[in-house]
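Convention: sequence-line order gives letters A, B, ...; per-chain numbering from 1. Since the model is a prediction, treat every value here as computed from it, not as a measurement.
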Amino acid sequence: MSEHINNIPTVYNPREVETKWYRHWEESKYFSAKVEKDKKPFCIVMPPPNVTGQLHMGHALDNTLQDILTRWRRMQGYNALWVPGTDHAGIATQAKVEEQLAKESLAKYDLGREKFLERVWDWKEQYGNRITTQLRSLGASCDWDRERFTMDEGCSKAVLEVFIRLFEQGLIYRDYYITNWCPQCQTTISDIEVEHQDKPGQLYYIKYPAKDNPEEYIIIATTRPETMLGDVAVAVNPEDDRYLHLVGKSLILPIVGRELPVIADAYCDPTFGTGAVKMTPAHDPNDFEIGRRHGLPELQVIDKQGNMNEQAGKYQGLDRWECRKQIVRDLEALGALVKVEDMSHAVGHCYRCNTAIEPMLSKQWFVKMKPLAEPAIEAAKDGRIKFIPERFTKIYLNWMENIRDWCISRQLWWGHRIPVYYCQDCDEMVASVTPIKECSKCGGKVEQDPDVLDTWFSSALWPFSTLGWPDKTPELEQFYPTSVLVTGRDIIFFWVARMIFSGLRFMEEEPFKEVFIHGLVLDSQGRKMSKSLGNGVDPLDVIESHGADSLRFMLITGNTPGNDLRFHFERLDGARNFANKLWNASRFAMMNLGDYDPAARGSEYTLADRWILSRLQGAVTEATDYLERYELGEAARVLYEFSWSEFCDWYIELAKPRLFGRTTPEDRVTAQHVIVQVLRETLELLHPFMPFITEEIWQKLPHQGESIMLTNWPKPEATLRDETAEGEMAVLIEVITAMRRIRGEMNVPPGKKAEAILVAIDESFRGILNRNIAYLQSLANAEVTVLTELKEEPDQAASAVTRGVEVFMPLRGLIDIDKEIARLNKELKAVQADLARVQGKLNNEGFLAKAPSDVVEKEKAKAEELGMKATALQERVKMLSA
RNA sequence: GGGACGUUAGCUCAGAUGGUUAGAGUGCUGCGUUGACAUCGCAGAGGUCACUGGUUCGAUUCCAGUACGUCCCA
């Protein structure tokens, strides 16, 4: 034994190993994909994380899944391209920089647009590679030479191109419209950026007296009394008898005194509140719609900071919440407040800063969605795009079918500026890829729209902008449509849907064939990880303490596609222990390969050899099938069980006598061959899941080639499939386990050699036992005799009955007869219960007549076997009781 | 209000086109350092597969409803 091998530590330490191999892979350009027409493409575009963000567990999961798929397909011989990149994240990034400026007591206006943008670019330079470095430590095998950024030259060109085309096709329009205004972020946001949260609130009932008859009034229920300052009408349901006589007449708005027409609109729900709704078109989206139908004026009373404006009269300057309190007091004083009820209602909040959204009128840019949505619906319906799991198709379709126009302008500076120019002298408005200085109509001075586009506008183009669009590149030719998109379920509407309609529109082909949706990583109590709760787990801490392989393995096991996953540190330990198990199995192999010669001829395969090679083929087949179906967790489980419960627990133990030279030198050679082959293939199968440790071990083992990354994904070898060997091993495992159980229950010290008599009437069973008696002796530490039948009952023997074999272990002086009888009785009871159930079926005529014959046969065989077992157990109990 | 998902061992989760001895990890109990590994080994205990009906020869699995939980949409 060489010193070198003794130096392999018994505990695997991932830290140096991981950085070492990642650097090697990246420097060797193993992640780079070139356009190769004759190779089958496999392409994933990475959901771009926020450029100045940090890696969180969601990223870790998402990118682990993508890396597994990419490494696996690459090993299968695909031309695998995984395109990485980052997103400029308009609101979030701008907010960060504004925060920084605030520390210097500066606002962005102090710098002006240009200087401010310089600061943001500086910020991006400073933090922009943080997350990509973090992705490297996770092991992501993406092609960094093709890394992109949503605001780089190419992506920006694509954004401009798309905007202009949609504009020219009439699918982008500008309108004075009600949108969601965030008073904190100082910008509009799109409908899906609004999060509805149920909040406790009050429903205020207010009297609106009739103009003609001060005695008569309508009671209005509202949760937002401060908006009454912007009321322009009252609406009732046209079927509502209570109010019909007032339709067309007027009410007087309390406090203000304004005259409000009563209108009839089917929108009003007669059963909610009082059935009469005050109309505030400038501050409520529903009122806005109704207002447009009825040609109502739009009176704005709240400003962009969320304060009451000059239209609010004496309330001007109050913020919306203070104003509400004051209005309520004033209404009370007037006697106009009828009652106040507590109720919970949904309030829209900004998904970035969690400020309550203020619906607000303003001029914004929109994308007309209907014409874009239709083909996107078709593509999912006819299966050109498949969601995994399938149920997300419905969620997607439901949203697409009810889609509203997309507000794409943002009142920010950081982003793609809207390429539209307005003439200062005439009404001319021009959209142009290249900057325009003067009006083509009147020659007047033009100014560009100050707003930028929604960040998602650029990410919607990601699958083709990253491949070179609008140019016709060879990359687009080979890799578009991409193979699969991997992302979280929280982002289907934001991103997936928009990529689909954009891809269909501009590439005339779906952007990906499959969408693999995963759940969220929750904390151990099932809550979302969030900064405010402080319950987040930093993937980098985990990589530091347990290694990236363990993190990856933990994230994808014990979980199924589309379902959320709770983060438990215990599970992380389990993954690390598995890595350590692999490490030690290979350590053992190394210790016995000092003289290994791949060309040496050995003896014939033993049963154990044939068995493990056959089981390996099963593992290859199953793991590959699961991967094809995106069941990555199941694939990992198969490999975990094969390597731990079969290879380590049984094969290595069975091979030890040969490896230790207790038999012939040729036997040792064969055992070496098998252990090397099985271990190496196991590592290859595990490589996509645990890239680092598998590379480290693979490199230490006898191997050919530069890296495990470049090996071929194992294919099942039909000639190595051996059902006979699997059947025989199953018998041996059952018998050995039975012997061990007796030893354990009778407290035979592990070091003490026991005696065992195995009785098998069936010749084939005897054959199995006799041929493999060495295995039985070594793994049960027993002296074994095989008999056809028991000539005389051994004195004081404990026993067990397995399929086809009876096990006796004479234990003079060690056996506790009562305990043994109890044990046998317990087993007997279980067997009898099973037997009763099986016989119940066989006595049922309906079952015999209607069940398929193979099922009936199976039950019959089971009954016979259980019957024999029961008889044997009964006999044993009788014998001992005598 | 509409919808999706979940409810299986103490905990976290798998699973079966309907017939299996219903599994894994972890935790628990007992024994243990046998020339890879105590981040380990051997053995064991632990489940009315949420509830109620229906379909069926047979349901934990399919269908309907109920309860509880999580989430999405409005």
Side-chain angles (χ1 to χ4, degrees), chain A residues 1 5 8-12 191-192 194-196 269 271-272 285-286 346 348 389 391-392 394-395 398-399 402 489-490 492-493 519-520 522 524 526-528 546 550 554 557-560 562-592 631 633-634 637 640-641 644-645 648-649 652-653 656 659-660 675 736-753 778-781 823 830-831 833-834 837-838 840-841 843-852 854-856 858-859 862 866:
Chain A
M1 207 68 44
I5 281 159
I8 299 179
T10 60
V11 172
Y12 172 62
D191 292 336
I192 53 172
V194 176
E195 282 179 357
H196 293 273
D269 176 1
T271 63
F272 180 81
N286 295 314
R391 67 173 187 273
F392 288 103
K394 247 163 94 181
I395 294 175
N398 183 50
W399 186 74
N402 295 296
R489 61 172 171 73
D490 52 334
I492 295 175
F493 305 143
L520 273 36
L522 307 174
S524 60
R527 302 172 305 181
K528 261 190 194 176
H546 286 72
S550 298
M554 174 272 183
T557 47
N559 166 256
T560 33
N563 289 343
D564 291 347
L565 156 92
R566 290 191 193 198
F567 191 97
H568 285 274
F569 282 95
E570 297 80 25
R571 297 200 33 238
L572 202 52
D573 290 340
R576 179 201 54 192
N577 295 352
F578 178 52
N580 204 52
K581 188 72 182 177
L582 291 174
W583 180 252
N584 277 291
S586 72
R587 185 168 175 271
F588 172 79
M590 302 296 300
M591 289 170 72
N592 291 285
E631 298 266 8
E634 285 296 283
R637 183 188 55 78
Y640 177 97
E641 278 172 9
W644 199 320
S645 309
C648 290
D649 287 351
I652 287 183
E653 294 308 319
K656 274 179 181 175
L659 284 171
F660 294 159
I675 212 164
I736 289 167
T737 304
M739 291 195 282
R740 285 170 172 173
R741 184 164 50 232
I742 291 172
R743 293 185 64 117
E745 283 176 17
M746 295 299 139
N747 292 318
V748 181
K752 188 181 157 117
K753 201 161 196 112
S778 72
L779 292 198
N781 193 23
R823 197 176 62 83
V831 170
D834 280 347
R837 213 188 41 202
V838 172
K841 278 188 194 177
N843 292 337
N844 180 337
E845 282 182 25
F847 175 73
L848 294 176
K850 296 190 178 174
D854 59 317
V855 173
V856 176
K858 228 169 102 188
E859 293 298 316
K862 207 192 289 173
L866 287 168

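Separating the CG atom of A/N398 from the P atom of B/rC73 is a distance of 11 Å, rounded to the nearest angstrom. Here the P atom of nucleotide B/rG25 and the CG atom of A/D573 are 15 Å apart, to the nearest Å. The separation between A/I736 atom CD1 and B/rC42 atom P is 12 Å, rounded to whole Å. Atom CZ in A/F847 sits about 16 Å away from atom P in B/rG18, given to the nearest Å. Spacing between atom OH of A/Y12 and atom P of B/rC40 amounts to 16 Å, rounded to whole angstrom units. A/F392 has its CZ atom 9 Å from the P atom of B/rC5, to the nearest Å. If you take NE2 of A/H196 and C1' of B/rA74, they are 7 Å apart, rounded to a whole angstrom. As a whole-Å value, the separation of A/K752 NZ from B/rG32 P is 15 Å.
Among the protein residues, A/T737 comes within range of the sugar-phosphate backbone only, with heavy atoms under 4.0 Å from sugar or phosphate atoms but none that close to a base. Residue A/A585 is classed as a base contact, given a heavy-atom separation below 4.0 Å to a base. Within 4.0 Å (heavy atoms only), A/E845 reaches no atom of the nucleic acid at all. Contact annotation for A/K656: base contact, defined as any heavy-atom pair under 4.0 Å involving a base atom. Among the heavy atoms of the strands lying under 4.0 Å from A/Y640 are primed sugar atoms or P, OP1, OP2 only; no base atom is included. At a threshold of 4.0 angstrom between heavy atoms, the contacts of A/D649 are confined to the sugar-phosphate backbone, with no base atom among them. A/N563 comes within contact range of the sugar-phosphate backbone alone, with a heavy-atom separation under 4.0 Å but no base atom that close. Among the heavy atoms of the strands lying under 4.0 Å from A/R837 are primed sugar atoms or P, OP1, OP2 only; no base atom is included.
Taking side-chain N and O atoms only, A/T560 has a distance below 4.0 Å to OP1 or OP2 of B/rA14. Between A/K850 and the phosphate of B/rG58, there is no side-chain N or O to OP1/OP2 separation shorter than 4.0 Å. At least one side-chain nitrogen or oxygen of A/R741 sits closer than 4.0 Å to the OP1 or OP2 atom of B/rG44. Between A/K394 and the phosphate of B/rA4, there is a side-chain N or O to OP1/OP2 separation shorter than 4.0 Å. Taking 4.0 angstrom as the limit, A/R740 places a side-chain polar atom (N or O) nearer than this to OP1 or OP2 of B/rA43. In this structure, A/R566 reaches the B/rC13 phosphate: one of its side-chain N or O atoms is under 4.0 Å from OP1 or OP2. Contact check, A/N577 against B/rC40: a side-chain N or O comes under 4.0 Å of OP1 or OP2. The phosphate of B/rA74 has neither OP1 nor OP2 within less than 4.0 Å of any side-chain N or O from A/W399.
For A/A346, taking side-chain heavy atoms from C-beta onward, the closest of the listed nucleotides B/rA36, B/rA74, B/rA4 is B/rA74. Considering only the side chain of A/R587, B/rC37 comes nearest among B/rC37, B/rG19, B/rA74. Across B/rG44, B/rU12, B/rC57, the shortest atom-to-atom separation from the side chain of A/E745 is found for B/rG44. The side chain of A/K528 sits closest to B/rC72 out of B/rC72, B/rG19, B/rA14. Considering only side-chain atoms of A/E570, the nucleotide from B/rU21, B/rC73, B/rU26 that sits closest is B/rU26. Side-chain atoms of A/R571 lie closest to B/rU12 of the nucleotides B/rA43, B/rU12, B/rA36. Taking every side-chain heavy atom of A/R489 into account, B/rC71 is the closest of B/rC57, B/rA4, B/rC71. Here the nucleotide nearest the side chain of A/W644, chosen from B/rC72, B/rU21, B/rC40, is B/rC40.
When each of A/E195 and A/T557 is assigned the nucleotide of RNA chain B bearing its nearest heavy atom, the one mapping closer to the 5' terminus is A/T557.
Looking at A/E653, its side chain comes within 3.5 Å of the base of B/rA36 through a donor and an acceptor atom.
Here A/F660 lies parallel enough and close enough to stack on the base of B/rG35, with planes under 30° and ring centres under 5.5 Å apart.
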Legend entry - Secondary structure string for RNA chain B (Watson-Crick or G-U under 3.5 angstrom, | for other-strand pairs): (((((((..((((.....[...)))).(((((.......))))).....(((((..]....)))))))))))).

Legend entry - Check against salt bridge (Lys or Arg N to Asp or Glu O under 4.0 Å), A/D834 and A/K862: CA-CA 9 Å; A/D834 280 347; A/K862 207 192 289 173; over 6 Å; no

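In this structure, A/K581 forms no cation-pi arrangement with A/Y640, as its terminal cationic atom is not both closer than 6.0 Å to the ring centre and no more than 45° off the ring axis.
A 6.0 Å sphere centred on NZ of A/K528 holds no more than 12 heavy atoms belonging to other residues, nucleotides or ligands.
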